[in-house]
Enquirer: 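Below: one structure in structure tokens.
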Amino acid sequence: MGVNLRELIPEDARREITDLRELMGKVVALDAYNALYQFLAAIRQPDGTPLIDRKGRVTSHLSGLFYRTINLMEHGIKPVYVFDGMPPEIKRYEVERRRMRREKAAELAEKAYAEGRVEEARKYSVQAIRLTQEMVESAKRLLDAMGVPYVQAPSEGEAQAAHIARKGDAWAVASQDYDALLFGAPRLIRNLTISGRRKLPGKDVYVEIKPEVIELDKVLKALGITRSQLIDIAILIGTDYNPDGVPGIGPKSAYQLIKAHGSLEKVLKILPQATFPEDPLKIREYFLNPNVIDEYKLEWHEPDEKRIIEILVHEHDFSLDRVENALQRLKKAYREYFRGKITSLDMWFKRK
DNA sequence: CTCTCACA
DNA sequence: TGTGAGAGG
């Protein structure tokens, strides 16, 4: 999912965040779909079963959302979650393709589970993950209760998040996908987590994961291209709107081609065999001018303790002890960083 | 993914 | 004070 620009991003456009205090006081627009999906994928038992409440409703996404948001706020980071709206027309092909892949995976998961093949069951249940309307709504209700703002994008969440960051209302977009850069986000934060350990898929091996910031300006300068050309390269490699890209063309040759010929139009003239599920120029146009809104309010409010307990403990069977514990941390973070203005002297002391 | 608790 | 295993819902 998303564009894979990893190999294209020059080393010096990428910076590790060694201390999350660097982000203190900064607004970060999080791609909600990306975050919830990650929680659903990661918060599972070895056989692939997610956390569920007594009514059988999945709660993994709420657990992840709750604890991670508190962690960010404890570092003085101001989170705003951006939710996806209607996928754009040019995504139709990919949306359908994903739906079929999920259905197939769901069947395989059930089969593997019934036959006791635990690892396979897990693998396929992750591939079968679907973010339901119910999950999205429960996540929004939880954020409301926590006093954390969210923005409902008219279309792609990454596009809306990038728009918010471009206007200066957020310092960066946080997502695992690189798409926000194509949409013009000045900064992209990947791996925005506190616990820096992640299990390698398949094996019981853990690797250190550190958050990193990628700066769009530095990417473009280092590569000597414009954002429009970066988008052209992405289209040759493959985006959400043409996932296969152009067969045989990877990051390296895509870059060389655009660098040498200047634009996608010119490159396509020498690649007459290339086919696309959508007009590639329309895809570029969408990255440059996506459907976004300016009507949103980014305000952080005092957490509503009772409502949070109502949602997590009474509706979804979270342990009262754990939730109360986290609530103390949330309230403290709110007092410290979110209530009223923070003076520069306060900031100076918090650095220590 | 994140928390908690046991153990060094 | 830090690390690892196991549970969380």
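Convention: sequence-line order gives letters A, B, ...; per-chain numbering from 1. All values below were derived from every heavy atom in this structure, side-chain atoms included, with hydrogens, water molecules and symmetry-related copies excluded.
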Enquirer: Without decimals, in angstroms, what is the distance between A:H316 NE2 and C:dG8 P?
Expert: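 Distance check: A:H316 NE2 to C:dG8 P gives 18 Å.
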Enquirer: Do A:R227 and A:L288 come within less than 4.5 Å of each other through their side chains, counting heavy atoms only?
Expert: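 Side-chain contact under 4.5 Å: yes.
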Enquirer: Do any N or O atoms from the side chain of A:D31 and from the backbone of A:A161 form a donor-acceptor pair under 3.5 angstrom?
Expert: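 No; zero donor-acceptor contacts below 3.5 Å.
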Enquirer: Could you give the CD-to-P distance, from A:E134 to C:dG9, as a whole number of Å?
Expert: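 Rounded to whole Å, this separation is 18 Å.
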Enquirer: Ion pair present between A:D53 and A:K55, side-chain N to carboxylate O less than 4.0 angstrom?
Expert: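 No, this pair does not count.
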Enquirer: Expressed as a whole number of angstroms, how long is the span from A:I43:CD1 to C:dG8:P?
Expert: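 Roughly 14 Å, once rounded to whole Å.
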Enquirer: Between A:L192, A:V28, A:T193, which is the residue that forms a side-chain contact (heavy atoms from CB on, under 4.5 Å) with A:L72?
Expert: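 So the option named by the test is A:L192.
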Enquirer: Which whole-number value in Å describes the distance from A:Q328 CD to B:dC3 P?
Expert: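 Result: 15 Å.
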Enquirer: In whole Å, I'd like the distance from the CD1 atom of A:I70 to the P atom of B:dT4.
Expert: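 A:I70 atom CD1 is separated from B:dT4 atom P by 10 Å.
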Enquirer: Would you indicate which nucleotide in C:dG9, B:dC1, B:dC3 comes nearest to any side-chain atom of A:S319?
Expert: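 Between C:dG9, B:dC1, B:dC3, the one nearest the side chain of A:S319 would be C:dG9.
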Enquirer: Hey, what's the ring geometry for A:W300 with A:F338, parallel, tilted or perpendicular (30° and 60° as the breaks)?
Expert: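 Tilted: the ring planes of A:W300 and A:F338 meet at 30° to 60°.
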Enquirer: Using atom CZ of A:F318 as one end and atom C1' of C:dG8 as the other, report the distance to the nearest whole Å.
Expert: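 Computing the A:F318:CZ to C:dG8:C1' distance gives 8 Å.
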Enquirer: If we count only N and O atoms by modelled type, under 3.5 Å, do the side chains of A:Y286 and A:S155 hold a donor and an acceptor together?
Expert: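 Yes, side-chain donor-acceptor contact under 3.5 Å.
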Enquirer: Please give, in whole Å, the distance from B:dT2 C1' to A:E74 CD?
Expert: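 Distance check: A:E74 CD to B:dT2 C1' gives 12 Å.
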Enquirer: Of all of residues 51-62 of chain A, which get a heavy atom below 4.0 angstrom from DNA chain C, listed by number?
Expert: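 Residues of residues 51-62 of chain A under 4.0 Å from DNA chain C: A:L51, A:I52, A:T59.
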Enquirer: Between B:dT2 atom P and A:Y67 atom OH, what is the distance in whole Å?
Expert: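 The answer, rounded to whole Å, is 12 Å.
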Enquirer: Should A:N325 be listed as having a side-chain N or O under 4.0 Å from OP1 or OP2 of B:dT4?
Expert: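 Answer yes for this pair, as a side-chain N or O of A:N325 is under 4.0 Å from OP1 or OP2.
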Enquirer: Please state whether the phosphate of C:dG9, meaning OP1 or OP2, lies under 4.0 angstrom from any side-chain nitrogen or oxygen of A:R322.
Expert: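 No, outside the criterion.
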Enquirer: Using salt bridge (charged side-chain N to carboxylate O under 4.0 Å, His left out), reason through A:R99 and A:E96 one step at a time and then give a plain yes or no.
Expert: CA-CA 5 Å; A:R99 191 183 62 77; A:E96 177 61 16; 2.8 Å; yes
